[in-house]
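All values derive from a computational prediction rather than experimental measurement. Letters go in sequence order (proteins before strands), and every chain restarts at 1.
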Amino acid sequence: MGTLPGFRQFFPQECALRDNIFDTWRRTAKAFAFQPYEAPTLEPLELYIEKSGQEVVDQLFCFQDKGGRAIALRPELTPSLAAMVGAKAAALKRPIKWFNVGECYRYERPQKGRLRAFYQFNADILGEAGPGADAELIALMITTFQNFGLTEQQVHIRLSDRTLWLQALSSWGVPQEQLFAVLNIIDKREREAAQQVIAKLEALHLEGEKLLQAIDHLSSLRSLQAIEAFLNTNKHHEPLISRLEDWKVLMAQLEAMELLPFITIDLGIVRGLAYYTGFVYEAFERSGQGRALAGGGRYDTLVEKLGGPQLPAAGFAMGDVTLQDCLQAHNCLPAQAPQAAVFIAITEESLRPQALRLTQQLRRHGLQVQGTLKPTSLNKQLEQAQHVGAHHALTVSPEGLVAKDLRNGHSEVVKEDVVVEWLRAKGHSCPLGSPFDSDLLKC
RNA sequence: GUGGUUGUAGCUCAGUUGGUUAGAGCAUUGGAUUGUGAUUCCAAGGGUCGCCGGUUCGAGUCCGGUCUGCCACCCCA
């Protein structure tokens, strides 16, 4: 029996790679002072109906549990987060900056960059309505890419704004009740022929041709100045002018953080998820290859819809599958860490007790240490030392302790009572630190 | 969900117009040698040829179905 379609087994090599990615996610989130939280993987089906949009609902992994409850494996984290924050909102200091690394599930046809079970890095800011929160999230997204070694030549963020669209459409005479239908049409515009789009707009009793022309033009603009100039031809539409002020603040902050090279203004992005309300963005490879690496935006009404207080919110998610493909394509996969740093060998079996004492001593200092588990020739032992990637082999012999640098072959005799200091001097850090502060970097 | 494509040892692949006990390289394990390692040599394990059914005296090879992987649609992480 194989694994279920779209699910993965992680052998040690894949596991190491995955954990490397997780580490970078967590490290970067903590550098931005986000706090880790956890939500259930299984949630009531109801949490996703009507909140996430039809597309997500269609891909839900859902079933009935033994108690007859309709439940779903989480397809994303945002509704769970919004519910959690909503429940305790009154007691939480603002801004609320939380992150999570966890598995999500979507029942869809697996292919490149898309599986049924995948890990996501989620980061959200709640309780701050201004563009400073959007800037911080976009900065976290970009810095994460940078920490993987990706540059602005390789990836970029396509930045858009649903608020701007809604106001522009209103000013063009689209009635209130049709705004979201038109937004959906814009979302699919990139993949549809003009005639089809016009037909869809006319079905809504709108001036298809004229409206499409305006939509296409606005989507094609790549600078704030150009957008401003275009919208100003509509004369003094107050909300539009104040929205452009938000844009200026956002762009100024991104510029101050020296992140502008990563940003492409592209109003062609609208995003399918129903709950987005303001700035929205998706990260892609510059080449246009592959799927979205990350996506996010503002969702100011979701917390309230889930029964919480009115609370502004924004966030993004980054997936491991698509990110791994991208890192591989750009030669940014992290190097594999060795299995052991130090190998303890013995010249004869009678020395094993002494070797085991030394092994344990080094392990208690947090070094990664390995020896053989059964009688083995010295040559085999050193071969094994090489195989597990150890930098040094310590051979216990009747003449004393011989330390060999396996990278250059040099050997020297080391006194056993100074071996820890000797290894430290040779660059062996203690990756675990003292046994009790080792969790600082984990979440 | 729709369409296309794929499937032989852990991995990469051979396997002639259907014809006896299905092969190689790498990897793994064991042994020999070198006696504080990366060499060399020898050997072994490992495959109901994705699965089910059909055609045939005979199927890894032909046909049908099915599953999985991959690609596109769809959409997104």
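Under the Watson-Crick or G-U wobble criterion, with both distances below 3.5 Å, B:G18 has no partner in any strand shown. In this entry B:C41 has B:G31 as its Watson-Crick or G-U wobble partner, both defining distances falling under 3.5 Å. Under the Watson-Crick or G-U wobble criterion, with both distances below 3.5 Å, B:C62 is paired with B:G54. For B:G47, there is no paired nucleotide, since no Watson-Crick or G-U wobble pair has both relevant distances below 3.5 Å. Here B:G10 sits opposite B:C26 as a Watson-Crick or G-U wobble pair (both hydrogen-bonding atom distances under 3.5 Å).
One distance of note links CG of A:Asp19 with CD of A:Glu14; it measures 11.5 Å at 0.5 Å rounding. A:Arg286 CZ to A:Thr151 OG1: the interatomic distance, rounded to the nearest 0.5 Å, is 8.5 Å. With rounding to the nearest 0.5 Å, the separation of CZ in A:Arg8 from SG in A:Cys15 is 10.5 Å.
Of the C1' atoms belonging to B:G69 and B:G7, the separation is 8 Å, rounded to the nearest Å. Comparing the same atom, P, in B:U68 and in B:G23 gives a spacing of 32 Å after rounding to whole Å. B:C13 sits 36 Å from B:U56 when the P atoms are compared, rounded to a whole Å. On the P atoms, B:U28 is 37 Å away from B:C67, given to the nearest whole Å. B:G45 and B:A27: their C1' atoms are spaced 13 Å apart (whole Å). Comparing the same atom, C1', in B:G65 and in B:A24 gives a spacing of 34 Å after rounding to whole Å. Only the P atoms considered, B:G47 is 37 Å distant from B:U2, to the nearest whole Å. One P atom belongs to B:U39, the other to B:U29, and the distance between them is 14 Å to the nearest Å.
Under the 4.5 Å side-chain criterion, counting only non-hydrogen atoms from C-beta, A:Arg162 is in contact with A:Leu183. Residues A:Arg291 and A:Phe284 form no side-chain contact, since every pair of their non-hydrogen atoms from C-beta on lies 4.5 Å or further apart.
A pairwise comparison of heavy atoms in A:Trp165 and A:Leu267 identifies NE1-O, 2.8 Å as the closest pair. Scanning both residues, A:Glu202 and A:Gly208, for their nearest heavy atoms gives CG-N, 3.8 Å.
Taking atom NE2 of A:His387 as the reference point, atom C1' of B:U29 lies 12 Å away to the nearest angstrom. Here B:A77 presents its P atom at 15 Å from CG of A:Asn100, a figure rounded to the nearest Å. Separating the OH atom of A:Tyr105 from the C1' atom of B:C76 is a distance of 18 Å, rounded to the nearest angstrom. Rounded to a whole Å, the CG atom of A:Leu382 is 15 Å from the C1' atom of B:U39. Atom CD in A:Gln289 sits roughly 20 Å away from atom P in B:C76 (whole-Å rounding). Rounding to whole angstrom units, CD1 of residue A:Ile344 and P of B:U36 are separated by 18 Å. A:Phe121 has its CZ atom 21 Å from the P atom of B:C76, to the nearest Å. Nucleotide B:C74 holds its C1' atom 13 Å from the CD atom of A:Gln196, rounded to whole Å.
With salt bridges taken as basic N to acidic carboxylate O contacts below 4.0 Å, none links A:Lys404 and A:Glu412.
In the region residues 370-381 of chain A, proximity to RNA chain B at under 4.0 angstrom, judged on heavy atoms, holds for A:Lys374, A:Leu378, A:Asn379. The stretch residues 404-412 of chain A comes close to RNA chain B through A:Lys404, A:Leu406, each having a heavy atom under 4.0 Å from the strand.
Comparing A:Glu192 and A:Ala117 by the nucleotide of RNA chain B whose heavy atom lies nearest to each, the residue mapping closer to the 5' end is A:Glu192.
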Derivation and outcome, side chain to side chain contact (heavy atoms under 4.5 Å, CB included), residues A:Phe121 and A:Thr28: CA-CA 11 Å; A:Phe121 170 35; A:Thr28 313; 5.5 Å; no

Steps toward salt bridge (Lys or Arg N to Asp or Glu O under 4.0 Å) verdict (A:Arg271, A:Asp187): CA-CA 6 Å; A:Arg271 294 184 63 74; A:Asp187 185 37; over 6 Å; no

Write out a two-atom table: protein N or O, nucleotide N or O from nucleotides 68-72 of chain B, distance below 3.5 Å.
{"unit_1": "B:G69", "atom_1": "OP1", "unit_2": "A:Gly6", "atom_2": "N", "d": "3.2"}
{"unit_1": "B:C71", "atom_1": "OP2", "unit_2": "A:Lys112", "atom_2": "N", "d": "2.3"}
{"unit_1": "B:A72", "atom_1": "OP2", "unit_2": "A:Gln111", "atom_2": "OE1", "d": "3.1"}

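Across all strands shown, A:Arg106 has heavy atoms under 4.0 Å from base atoms, whether or not it also approaches the sugar-phosphate. If you check every strand for non-hydrogen atoms under 4.0 Å, A:Ala294 touches sugar and phosphate atoms only.
A:Leu137 pairs in a side chain to side chain contact (heavy atoms under 4.5 Å, CB included) with only one of the listed residues (A:Tyr281, A:Phe279, A:Phe32), which is A:Tyr281. A:Thr395 pairs in a side chain to side chain contact (heavy atoms under 4.5 Å, CB included) with only one of the listed residues (A:Leu401, A:Ile344, A:Leu378), which is A:Leu378.
Counting atom types as modelled, A:Glu108 pairs a side-chain N or O with a base atom of B:A77 as donor and acceptor under 3.5 Å.
In this structure, A:Tyr119 does not pack face-to-face on the six-membered ring of B:A77, missing the 5.5 Å centre cutoff or the 30° plane limit.
Aromatic ring centres of A:His428 and A:Trp422 lie farther apart than the 6.0 Å criterion allows.
Ring geometry, A:Tyr105 versus A:Phe61: the interplanar angle exceeds 60°, so the pair is classed perpendicular (tilted spans 30 to 60°).
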